Structure formats: structure tokens, C-alpha cells
There are 2 protein chains.
Amino acid sequence: MQTRIIPACPERLRSARAALHLIDGKWKIPILIALGFGTRRFQELSREIDGISPKMLSKELKDLEENDLIIRMPHGSPTIAVTYALSPLGKSLDKLLDELHDWGAAFRQRLAGQ
Amino acid sequence: MQTRIIPACPERLRSARAALHLIDGKWKIPILIALGFGTRRFQELSREIDGISPKMLSKELKDLEENDLIIRMPHGSPTIAVTYALSPLGKSLDKLLDELHDWGAAFRQRLAGQ
DNA sequence: CCGAATCCTGTTTGATACTG
DNA sequence: CAGTATCAAACAGGATTCGG
């Protein structure tokens with residue numbers, strides 16, 4: 001097989017970069033996955049995502065909100081409470097996250113089989 | 001569509017983490033995309049992936065090889081030459097990369113429309 | 001041509017304590 | 001409960017040089 005440069009490659013690289021820019025960082029994908037199961041409070045995310053510190057959770061939530069992937073909903077009255085949910089754009093990542101899960105699951109099986 | 005059976009959140013988080021661990025780093029996805037279009041030499045990758053330094057390219061290629069996502073093929077005699085190709089495991093990422101591309105392309109359109 | 005080895009800098013991340 | 005503040009450690013990444 002010969003090596004040749006196909007025009008589609010640069011386009012693909014650009015699109016991938018655009019996507020990666022929104023979801024990079026160690027904790028963004030885990031957060032999006034957790035929110036894919038339903039809205040969550042700060043503490044719930046904190047407990048659900050193993051190893052994340054409040055500082056990182058706060059930062060990544062802020063990044064995600066800036067990019068319109070999630071929605072922050074403070075509801076004020078009795079005690080302070082904030083819930084986070086996927087935005088429509090965030091929800092549109094579901095196929096991608098499905099693929100990620102499928103591949104990861106297959107890979108883990110492969111490891112287990114060795 | 002009614003509710004389908006969704007894998008539990010913690011399981012999903014674990015699988016995603018396993019997958020992410022193999023492909024994290026700024027340049028691994030771009031490298032995998034480029035190799036998805038055919039085998040490449042070091043210099044070709046260097047030119048094709050905008051902004052990467054030899055050091056990073058070298059490091060990321062090594063990581064990818066250690067995780068069996070790519071195959072390094074040195075062919076020695078006249079001048080030293082090395083080509084890189086996707087391994088079967090690397091090829092199995094194609095659906096995921098397709099999704100990434102589709103989502104990124106849609107997102108770029110969305111930006112352009114604004 | 002394909003990297004390895006060094007040096008250096010800025011960013012990211014972590015642990016923990018603290019605030020309204 | 002939902003975050004901030006602070007300090008330190010780890011890492012990413014660039015520039016450059018060198019060698020097979």
C-alpha cells in the first residue's frame with residue numbers, strides 16, 4: 001500500500017480538534033457521562049466521580065458551562081443548592097460517549113482475557 | 001423510543017476512563033486520525049499535524065506503541081526510515097473517531113452559523 | 001532522516017483548609 | 001452545600017542540540 005495524502009485528512013483533523021478543545025481536561029468526559037444519567041448536584045458529582053477535588057470539579061464545570069455543554073441551575077431559597085444538567089449541545093454528545101463506552105468496555109475485556 | 005437499558009453510571013465511568021487513558025494527550029487523536037488514512041513516516045506526520053514538535057511526536061508515538069494502538073516499522077538499509085501504521089486495536093477506534101469527526105464538524109457549522 | 005537528551009518555562013493538578 | 005484560597009508538585013510543551 002502506498003502512502004498518499006488524502007484531502008479529507010486535514011478536514012478531519014480540524015473537526016477533531018474543534019471537538020477535542022471542548023472536552024479536553026481530565027474530568028470533563030466523566031462529568032458529562034455522569035450528567036448523562038440525569039441532573040446532579042455539586043456534591044453528588046463529587047462523590048460519583050472518584051478522585052476529583054472540589055477545585056477541579058468547580059473549574060471543569062465552569063469550562064463546560066462556558067462552552068454551553070452544561071447548564072447550571074441555582075435554586076436559592078432554603079439552603080443554597082445548585083444542580084447541573086446537560087444542555088442540548090451536551091446531549092448531542094451521547095453517540096460519541098456511547099462509542100467511548102463501547103470501546104472502553106471491549107478494551108477492558110481484552111485486558112481481562114490476557 | 002422508550003427507556004432502554006442503560007449501563008450503570010459507575011460502570012460507564014470506568015470504561016470511559018480505561019479508554020481515555022490510552023488516548024489522552026494533546027496529539028494522540030490527531031496522530032490516530034492521520035494514520036487512519038494510511039501509513040505515515042515520521043516527517044509526514046510532522047508536516048501533517050500542525051504545530052507538533054518532534055519531541056511531542058516522538059513521545060506520543062511511543063505511548064501509542066506501548067499501548068498497541070500503532071505499529072512501528074523501521075526499515076533499515078539506505079537511509080534510516082520508519083513508518084507507522086495503525087494496529088488492529090488502533091483500527092478498532094475508527095467508529096469512535098468517526099463520531100468525533102461528525103460531532104466536531106457539526107459544531108464547527110454551528111459556530112459558523114452564529 | 002529519525003529521533004534522543006537537555007534545559008527551561010508555564011500550565012495543570014492535587015491536598016487541604018476555609019468561607020458564606 | 002457549593003464552592004474559594006493557598007501552596008506545592010507534577011506535567012506539558014517548546015527550543016535547541018546532538019547522534020546513528
Side-chain angles (χ1 to χ4, degrees), chain A residues 2-5 13 16-17 20-35 38-67 69-87, chain B residues 13 16-17 20-35 38-67 69-87:
Chain A
Q2 273 200 329
T3 306
R4 59 208 171 95
I5 298 200
L13 286 170
R17 274 221 167 168
L20 288 173
H21 182 250
L22 296 188
I23 58 178
D24 77 357
K26 190 173 177 182
W27 303 104
K28 293 205 183 69
I29 299 266
I31 290 171
L32 291 169
I33 290 175
L35 291 180
T39 64
R40 294 281 192 276
R41 309 257 301 259
F42 190 94
Q43 287 297 324
E44 293 176 316
L45 288 170
S46 200
R47 267 181 257 112
E48 202 157 15
I49 300 172
D50 197 52
I52 195 169
S53 68
K55 172 182 166 184
M56 276 300 110
L57 181 53
S58 175
K59 176 190 172 294
E60 299 281 67
L61 285 171
K62 213 171 288 177
D63 288 349
L64 289 169
E65 197 199 353
E66 267 174 25
N67 289 321
L69 288 169
I70 66 173
I71 297 168
R72 182 180 183 274
M73 305 147 75
H75 17 102
S77 16
T79 56
I80 295 161
V82 183
T83 62
Y84 294 91
L86 290 185
S87 71
Chain B
L13 286 170
R17 274 219 164 169
L20 287 173
H21 182 250
L22 296 188
I23 59 178
D24 76 355
K26 190 174 178 183
W27 304 104
K28 293 206 182 66
I29 299 267
I31 290 172
L32 291 170
I33 290 176
L35 291 180
T39 65
R40 293 284 191 274
R41 308 255 304 257
F42 191 93
Q43 285 300 320
E44 291 175 319
L45 288 170
S46 199
R47 274 189 298 274
E48 203 158 13
I49 301 171
D50 200 52
I52 195 169
S53 69
K55 172 184 167 180
M56 278 301 115
L57 182 51
S58 175
K59 176 188 172 298
E60 300 280 69
L61 286 170
K62 209 173 294 178
D63 289 350
L64 289 169
E65 198 199 352
E66 267 173 23
N67 290 320
L69 288 169
I70 65 173
I71 297 169
R72 183 178 183 275
M73 305 146 74
H75 16 100
S77 12
T79 57
I80 295 163
V82 184
T83 63
Y84 295 90
L86 290 185
S87 71

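Chain A is the first sequence line, chain B the second, and so forth, proteins listed ahead of strands; every chain is numbered from 1. All values below come from the heavy atoms of this structure, side chains included, with hydrogens, waters and symmetry mates left out. Note that the structure is a prediction, hence the values are computed from the model and not measured.
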Using a heavy-atom cut-off of under 4.0 Å over every strand shown, decide if Gln43(A) touches base, sugar-phosphate, or nothing.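 Base contact.
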Heavy-atom check, side chain of Ile70(B) versus side chain of Leu32(B), under 4.5 Å: yes
Indicate yes or no: at least one non-hydrogen side-chain atom of Leu45(A) is less than 4.5 angstrom from one of Leu61(A).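 In contact.
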Atom of [X], atom of [Y] and distance for their closest heavy-atom approach:
{"X": "Ile33(B)", "Y": "Ala16(A)", "value": "CD1-CB, 3.3 Å"}
{"X": "Ile31(B)", "Y": "Leu57(B)", "value": "CD1-CD1, 3.7 Å"}
{"X": "Pro30(A)", "Y": "Leu20(B)", "value": "CD-CD1, 4.4 Å"}

Write out a two-atom table: protein N or O, nucleotide N or O from nucleotides 11-14 of chain D, distance below 3.5 Å.
unit_1  : atom_1 : unit_2   : atom_2 : d
dG13(D) : N7     : Lys55(B) : NZ     : 3.3
dG13(D) : O6     : Lys55(B) : NZ     : 3.1
dG14(D) : O6     : Lys55(B) : NZ     : 2.2

Tested for side-chain contact (heavy atoms from CB on, under 4.5 Å) against Ile23(B), the lone hit among Leu64(B), Asn67(B), Ile29(B) is Ile29(B)
Contacts of type side chain to side chain contact (heavy atoms under 4.5 Å, CB included), residue Thr39(A), not counting sequence neighbours: Ala85(A)
Return the set of residues passing side chain to side chain contact (heavy atoms under 4.5 Å, CB included) with Arg47(B) (not counting sequence neighbours), or none when no residue passes. Gln43(B), Glu44(B)
For the helix from dC1(C)-dG20(D) to dG20(C)-dC1(D), what is the angle between the axes at its two ends, each from 5 pairs, rounded to 10°? 50°
Does [N] have OP1 or OP2 sitting under 4.0 Å from an N or O in the side chain of [X]?
{"X": "Arg41(A)", "N": "dC1(D)", "result": "no"}
{"X": "Tyr84(A)", "N": "dC1(D)", "result": "no"}
{"X": "Ser46(A)", "N": "dA2(D)", "result": "no"}

Mind jotting down which residue pairs meet the salt bridge (Lys or Arg N to Asp or Glu O under 4.0 Å) criterion with at least one end in residues 24-33 of chain B? Sequence neighbours excluded, please.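 Qualifying pairs: Lys28(B)-Glu60(B), Lys28(B)-Asp63(B).
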Distance in angstrom units between [X] [atom1] and [N] [atom2], rounded:
{"X": "Arg72(B)", "N": "dC1(C)", "atom1": "CZ", "atom2": "P", "result": "16 Å"}
{"X": "Phe42(A)", "N": "dT4(D)", "atom1": "CZ", "atom2": "P", "result": "8 Å"}
{"X": "Ile31(B)", "N": "dG3(C)", "atom1": "CD1", "atom2": "C1'", "result": "14 Å"}
{"X": "Met73(B)", "N": "dC2(C)", "atom1": "CE", "atom2": "P", "result": "14 Å"}
{"X": "Lys62(A)", "N": "dA2(D)", "atom1": "NZ", "atom2": "P", "result": "15 Å"}
{"X": "Leu57(B)", "N": "dA5(C)", "atom1": "CG", "atom2": "P", "result": "16 Å"}
{"X": "Leu64(A)", "N": "dG3(D)", "atom1": "CG", "atom2": "C1'", "result": "16 Å"}

Partners meeting side-chain hydrogen bond (donor to acceptor under 3.5 Å, both in side chains) with Ser58(B) (sequence neighbours left out): none
The salt bridge (charged side-chain N to carboxylate O under 4.0 Å, His left out) partners of Arg40(A) (sequence neighbours excluded) come to Glu48(A)
In terms of side-chain heavy atoms of Val82(B), which of dC2(C), dT4(D), dA2(D) is nearest? dC2(C)
Are there any protein N/O atoms within less than 3.5 Å of an N/O atom in nucleotides 17-19 of chain C, and if so, which ones and at what distance?
none

Let me confirm one number: the CZ-OG1 distance from Arg72(A) to Thr83(A), rounded to the nearest 0.5 Å.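 One finds 9.5 Å between CZ of Arg72(A) and OG1 of Thr83(A).
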